[in-house]
Amino acid sequence: MTIHKTRLAVFCSGNGSNFKSIFRAIAEKPLNAEIVLCVSNRSQCGAMEFASQNGIATLHITEKQFGAFDDFAAAMVACLKNAQIDIVLLAGYMRKVPDAVVAAFADKMLNIHPALLPKFGGEGMYGMFVHSAVLEAGETESGATVHFVNEEYDKGKILLQRRVPVLPGDTPESLAARVLECEHTLYPDALEKLLAMQNT
Ligand code: GAR
């Protein structure tokens, strides 16, 4: 009997270290899923390179390639449906996903955010801006959050969250490195949790 593996699309814009951690977790853990598509707004980035090297299809898609935003959104939905994607994972994707795509993957799209949501989320809160804001606020802890994606930035239901300390003398860079390390186990664990939820 063939058991259908959950087909994942992972959206990235940069280094893709979360992409790589999810890829490795799937190879190492009994996760009944496979990454079948890497989607990016950048034709070249760490994630796209890693995907190509590992035989994973890539899709470079941006609003600029289309005359109208609705056409861009419709094309993205069509590509995901054509690839028979079950779950979308945003992993360092620095663009807002069109509402039509969010609607097409309701309860099947996750994002990872490098802070303890609902704090330090929203428009403009990404990457190093988040860590700078955490330090400026004098927080003693930070962390990472995996949440479902809805139409509002960083507002969807939280699936899993993990804390790390803010240490004396931390810079945005040192805090970012500690949070990123935490993300690399958090996202695979969150995926495992979502897959388990879908089987019940
Ligand atoms: C990660 O820290 C991720 O949480 C963050 O970008 C980084 C991507 O790293 N995402 C956001 O800030 C989204 N709001 P990666 O490319 O090495 O996975």
Side-chain angles (χ1 to χ4, degrees), residues 8-27 35 37-54 56 58-62 87-99 101-102 105 109-137 139 141-166 170-191 194:
L8 308 173
V10 184
F11 282 44
C12 303
S13 298
N15 281 338
S17 69
N18 276 291
F19 183 102
K20 292 169 197 165
S21 73
I22 295 163
F23 181 83
R24 292 197 181 107
I26 289 171
I35 301 176
L37 186 62
C38 176
V39 178
S40 184
N41 56 305
R42 292 173 58 193
S43 59
Q44 287 184 317
C45 64
M48 292 288 262
E49 207 169 292
F50 181 83
S52 301
Q53 285 164 356
N54 286 279
I56 297 166
T58 59
L59 172 67
H60 170 228
I61 184 166
T62 70
I87 289 175
V88 172
L89 303 177
L90 309 183
Y93 183 65
M94 301 305 182
R95 294 283 164 88
K96 193 166 187 289
V97 176
D99 288 355
V101 182
V102 174
F105 287 87
M109 188 184 297
L110 299 178
N111 177 46
I112 190 157
H113 185 78
L116 297 173
L117 292 174
K119 283 176 152 186
F120 306 106
E123 195 167 357
M125 273 292 176
Y126 60 89
M128 218 46 86
F129 295 113
V130 177
H131 307 297
S132 299
V134 168
L135 292 178
E136 272 162 33
E139 297 286 323
E141 61 178 11
S142 189
T145 306
V146 174
H147 63 94
F148 289 94
V149 176
N150 65 13
E151 287 77 8
E152 286 184 274
Y153 273 110
D154 303 326
K155 286 277 172 63
K157 190 166 171 267
I158 292 173
L159 178 62
L160 209 59
Q161 201 164 51
R162 203 160 282 161
R163 291 160 195 278
V164 302
V166 173
D170 256 341
T171 60
E173 290 74 19
S174 65
L175 179 58
R178 193 174 311 118
V179 170
L180 194 59
E181 196 184 338
C182 161
E183 291 181 39
H184 293 160
T185 54
L186 182 70
Y187 217 164
D189 289 351
L191 173 62
L194 179 61

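Only this structure's heavy atoms are used, side chains among them; waters, hydrogens and symmetry mates stay out. Read the numbers this way: they start at 1 and go in the same order the structure lists the ligands and their atoms. Computed from a predicted model, the values in this text were never measured in an experiment.
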Side chain, backbone, both or neither: Asn111 near ligand 1, heavy atoms under 4.0 Å: neither
Protein contact of [atom] - nearest heavy atom, named by residue and atom, plus distance:
{"atom": "atom 12 (O) of ligand 1", "answer": "Gly127 N, 2.9 Å"}
{"atom": "atom 8 (C) of ligand 1", "answer": "Gly92 CA, 3.7 Å"}
{"atom": "atom 17 (O) of ligand 1", "answer": "Ser17 OG, 2.5 Å"}
{"atom": "atom 3 (C) of ligand 1", "answer": "Glu183 OE1, 3.3 Å"}
{"atom": "atom 11 (C) of ligand 1", "answer": "Pro114 CD, 3.7 Å"}
{"atom": "atom 6 (O) of ligand 1", "answer": "Met94 CE, 3.2 Å"}
{"atom": "atom 16 (O) of ligand 1", "answer": "Gly16 N, 2.8 Å"}

Can you confirm, on distance only, whether ligand 1 has an N/O atom lying under 3.5 Å from any N/O atom belonging to Leu180? no
Would you say ligand 1 has an N or O under 3.5 Å from any N or O of Asp154? no
Quick check on [X]: does its [atom1] atom have over 12 non-hydrogen neighbours (other residues, nucleotides or ligands) under 6.0 Å away?
{"X": "Gln53", "atom1": "CD", "value": "yes"}
{"X": "Glu181", "atom1": "CD", "value": "no"}
{"X": "Lys96", "atom1": "NZ", "value": "yes"}

Atom indices of ligand 1 within 4.0 angstrom of Met125 heavy atoms, with elements: 14 (N)
Side-chain donor-acceptor pairs of residues 118-132 under 3.5 Å, sequence neighbours excluded:
unit_1 : atom_1 : unit_2 : atom_2 : d
Lys119 : NZ     : Glu139 : OE1    : 3.1
Lys119 : NZ     : Glu139 : OE2    : 3.2
Ser132 : OG     : Met128 : O      : 3.1

Candidate with minimal heavy-atom separation from atom 10 (N) of ligand 1, of Ile112, Leu117, Val10: Ile112
Using modelled atom types and a 3.5 Å cut-off, is there a donor and acceptor pairing between side-chain atoms of Thr145 and backbone atoms of Ala115? yes
